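Report on one structure; see the data block that follows.
In this text the structure is predicted, and so the values were computed from the model without any measurement. Residues: numbered from 1 along the sequence shown.
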Amino acid sequence: MANVLWNIIFSSNQQLLDWGGVSFQLIACSASIYWILSTFLKDKTSAKSFWLLLALGVLFYLVGTMLWSYNQFILNNNSGYGKLAEKFFIVQNILYFLSLLVLINQIKSSLLTIRFLLDILIAMSAAVTFSWLFLIRPLFSQSANISFSLTELIYPILDLIVLVGVISLFNTSKRVLAKKTTFLLVAGLLTQIVADTIFTYLKVIDAYSVGSINEPMWILSALLIGLSGIYHQPAPAFALSRNNTQENENIYIKHIIPYFGVLILTFYFTYLLYGTHPVFLGLSISIILLIIRQIFTLLENDRLVDDLNKLNEGLEQKVKERTDKLVEIINSMEYLAFHDVVTGLPNRRYMEKRLAQALENNCSSKKLAFILLDLDRFKHINDSLGHSYGDLLLKEVGERLSANVSPNGVVCRIGGDEYALLIENAEICKIEELAQLILKSLRESYFINNVELNITPSIGIAMYPDHGSDLDALLMKADTAMYNVKENGKDHFKVYNGSMSMKSIMELERSIRKGLERNEFILHYQPQISLHTRQIVGVEALVRWERPGIGLVPPGEFIPIAEETGLILPIGESVLWQACRQSVLWCKKGFPDLRIAVNISSLQFQQENFVNLVKTIMNETGANPKNIELEITESIAMGPIEQNMSKLACLKEMGFNIAIDDFGTGYSSLHYLSKFQIDRLKIDRSFITSLEKSEKDTAIVRMIVMMSKALNVKVIAEGVEDEHQRAFLEEVQCDELQGYLFSRPLNVEDCEKFLVNNAL
């Protein structure tokens, strides 16, 4: 529009008219080249070269314009630059056609090639005919200069070639480019063809001059082609896609285009010859009707092809959906095969696979560390709270382990409460640092469903190749080191060495089982003293293992193994049987009011048949439930509340005393104290031992006693060993004491002597 206005305003000033037209063309071409090259750099599809060829076409037009202007306005048409410029204009159209071929080549596999070529030839035959009549033949006769005529002849021929590409693009563009891009590109190329045609026609009639109407059209053509790059969307959504709505909109036009030129030729032929003979009119009508019939046949074929395509697409979609589902199932099965369901961590099978890979790729100079980790007293938590709490705890432990392991390590759950870690390129000092870090991390409190839990790990470490060359060997050595940690108090780590052996642990478990069969577990009794009367009010039954040839085995050496293996159940049952029988004997010997306190493990209490078992023992032994006190731990508050309350109610109804053992070290909650029918709280020895050292523990003991008084619950302190502790407990009005200050645990004979000497 600016160029047109410029030509109108300065039509009388030839110099301004010339330079203005050239300037507008240079600006338009420069902008177009910039836009198209920007699209070329952004496009990542297979049509990327299309934009490059298109930009080169505009560039050649720009260079040709500059050469032509230099020759025309500066050299006054006295050099060969004019002929050189024409060659650049010729190459411009060749590049345009090549770019269209590149674009059409992207969808050649989806076209009916033969029919497509015939359609193009039909359209082109009409276009060539009119071009020959009105442009090419007049060029031959217009000038005697054959060179000039041949150069000018190339323009309409190249325009026809570009027209072939435009028609091809129009027929297929909805599968390649966006709608706006296609419209702008086709409009730009057609504008170029029309402008060239006008230029050739003006040359034929010798009426061309600078400022003619074709020059603004050349500018418009360059701008439209450049704008097609701006609106291009290189997303795969347009690449080789089908759009049924757009196909239906253009189907009539696609079929009419090849025959449109034939119709025009027919009308022109009829116009020229219908007066010569009537047969020409009939022939024209027949041709027109034949074309109409052919178009309807093609439409019917397209409908059938479209139905077939829809059917194929539906089948392809179903096959794809089923394939995707099958792949998803296979992936899911593979994941489940190598991962733990509870924690989401890799499992033992994955560890075997990963270790095999690591050993295969490992250099002899590099070591691998295999770390086995077991959670201490996890069974206690699992049995007390249920598997849902246990599973959440296992998951949290897995997350903490993963957070502490570097990318060259693998964390697996290999079963139960056992985890395995594989660390590649390991140095023993670094592994020990990692073990310390894991201990620190896992010792921190866990909050599972608003319940605070604490757990510690026992860690065994084996090194490749020092301790084994396969998973079984490394697992066995790490397992040996881990159980060595458990034997020595748990909550620590050890690296395997040759002096360790699993034999002692396995023998210990086997000996416990034999000890139960041989009744080697006996009871010792530790007196409990009333602070008010200074008299013995009860004794606590403490299990001891009298091992033949070895003597008494401390509880700390066999109770952890018994808890790990579940042997604590028959041991606990044996303790209750013995305590009840002893209560009956002492009643007969003149101690009818002596209370015997029996520890009940959490695992025992959670057994469904626990109450019935107690009833059976009481009936068969004839013991008085009032003389038996059942000491349970605070963990009952973390288990199924309603079920535990029901059990305690049954026991209370039978006449048993109920005491909370080790109060203050577990889940201390006033809520369960108010719900459960508790007779006595037992302050843990750890608080009593540190009375002189810790003001906090002193305050805790004082608070426990005060709280018990308010709840009308008696308090007994265990672990009292000196007068200072006794004096403090008397000051805070503790009810009963137990400890070495009064007596160590005694066997049955010594305990009876102690009772006689300190008669009730």
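By the 4.5 Å heavy-atom criterion applied to side chains, V543 and F558 are counted as neighbours. For the pair L475/M351, no side-chain contact is recorded, criterion being any heavy-atom separation below 4.5 Å from C-beta on. A 4.5 Å side-chain heavy-atom check between D417 and I455 finds every atom pair outside the cut-off. Between N454 and S445 the shortest side-chain heavy-atom distance falls below 4.5 Å. When side chains are defined from C-beta on, V701 counts as touching F728, because their heavy atoms get closer than 4.5 Å. Looking only at side-chain heavy atoms (C-beta outward), N644 and Q606 come within less than 4.5 Å of each other. You'll find the side chain of I438 stays beyond 4.5 Å of the side chain of F493, heavy atoms only. Side chains of V614 and I628 form no contact here, defined as non-hydrogen atoms less than 4.5 Å apart.
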### Task
Give the intermediate values and the outcome of side-chain contact (heavy atoms from CB on, under 4.5 Å) for residues F605 and L648.
CA-CA 10 Å; F605 189 80; L648 288 176; 4.0 Å; yes
### CA sep, side-chain torsions, deciding dist, call: L372, D374, side-chain contact (heavy atoms from CB on, under 4.5 Å)
CA-CA 7 Å; L372 187 64; D374 180 88; over 6 Å; no
### Message
Between R513 and E517, is the salt bridge (Lys or Arg N to Asp or Glu O under 4.0 Å) condition met? List the steps.
### Response
CA-CA 7 Å; R513 295 182 186 277; E517 296 173 2; over 6 Å; no
### Task
Could you walk me through whether Q607 and L613 pass the side-chain contact (heavy atoms from CB on, under 4.5 Å) test, one step at a time?
CA-CA 10 Å; Q607 299 299 303; L613 175 64; over 6 Å; no
### Message
Before you tell me yes or no, could you show the steps for Y446 and V397 under side-chain contact (heavy atoms from CB on, under 4.5 Å), namely the whole-Å CA-CA distance, both residues' side-chain angles and the distance that decides it to 0.1 Å?
### Response
CA-CA 9 Å; Y446 300 81; V397 169; 3.7 Å; yes
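The main-chain N or O of Q578 is never found under 3.5 Å from a side-chain atom of Q582 such that the two would form a donor-acceptor pair. Proximity of a side-chain donor or acceptor of S690 to a complementary backbone N or O of K693 within less than 3.5 Å is not detected. The backbone N or O of E432 lies less than 3.5 Å from no partner atom in the side chain of Q436, so there is not a single donor-acceptor pair. R400 places a side-chain N or O within donor-acceptor distance of the main-chain N or O of E444, the cut-off being under 3.5 Å. Between the side chain of D679 and the backbone N or O of A659, no donor-acceptor pair lies under 3.5 Å. Side-chain atoms of T621 come within 3.5 Å of backbone N or O of I617 as a donor-acceptor pair. Between the side chain of S583 and the backbone N or O of A579, no donor-acceptor pair lies under 3.5 Å. Put simply, the side chain of N347 gets close to the backbone of R349: a donor and an acceptor are under 3.5 Å apart. Checking side-chain atoms of S402 against main-chain N and O of G398 turns up a donor-acceptor pair under 3.5 Å. When atom types are taken as modelled, the side chain of T456 and the backbone of R443 share no donor-acceptor pair closer than 3.5 angstrom.
More than 12 heavy atoms of other residues, nucleotides or ligands lie within 6.0 Å of NZ in K486, so this atom counts as buried by the packing criterion. Counted within 6.0 Å of CE on M706, heavy atoms from surrounding residues, nucleotides or ligands total 12 or fewer; the atom is thus considered open. Sparse packing is recorded around CD of E608, with 12 or fewer heavy atoms of other residues, nucleotides or ligands lying under 6.0 Å away.
Under the 4.0 Å criterion applied to side-chain N and carboxylate O atoms, E418 and R348 are not assigned as salt-bridge partners. Contact check on D391 versus K395 returns no salt bridge, with no Lys/Arg side-chain nitrogen under 4.0 Å from an Asp/Glu carboxylate oxygen. Ion pairing of E629 with K682 is absent here, as no side-chain N (NZ or NE/NH1/NH2) approaches a carboxylate O to less than 4.0 Å. For the pair D376 and K490, the salt-bridge criterion is not met [side-chain N within less than 4.0 Å of a carboxylate O].
With rounding to the nearest 0.5 angstrom, the CZ atom of F447 is 9.0 Å from the CG atom of L453. Rounding to the nearest 0.5 Å places CD1 of I448 at 5.5 Å from CG of L392. The line from CG of L421 to SG of C412 is 8.0 Å long, rounded to the nearest 0.5 Å. The distance from atom CD of E736 to atom CG of L681, rounded to the nearest 0.5 Å, is 11.5 Å. A distance of 11.5 Å separates CG of L630 from CD1 of I596, quoted to the nearest 0.5 Å.
Both tests do not hold together for K647 against F610: distance to the six-membered ring centre under 6.0 Å, angle to the ring axis within 45°. No cation-pi contact links K477 to F370, judged by a cut-off of 6.0 Å to the six-membered ring centre and 45° from its axis.
Minimum heavy-atom separation, A541 to L523: CB-CD1, 4.0 Å. Closest of all the heavy-atom pairs between N657 and R595 is ND2-CD, 4.2 Å. Here the shortest heavy-atom pairing between L368 and A426 reads C-CB, 4.3 Å. Of all heavy-atom pairs between E424 and A358, the closest is CD-CB, 4.0 Å. Taking every heavy atom of both residues into account, A623 and M618 meet most closely at O-CE, 3.2 Å. V705 and C734 get closest at one heavy-atom pair: CG1-N, 4.2 Å.
Side-chain polar atoms of Q317 and E321 form a donor-acceptor pair below 3.5 angstrom. E620 and T616 share no donor-acceptor pair across their side chains, judged by distance under 3.5 Å alone.
When the options V485, L439, L442 are evaluated for a side chain to side chain contact (heavy atoms under 4.5 Å, CB included) with D491, the one that passes is L439. No option in I461, L434, V410 other than L434 meets the side chain to side chain contact (heavy atoms under 4.5 Å, CB included) test with I423. Between Q526 and the options E718, R744, Q738, E540, a side chain to side chain donor-acceptor pair (under 3.5 Å) holds for only Q738.
A tilted orientation is assigned to the rings of H339 and Y350, their planes being inclined by 30° to 60°.
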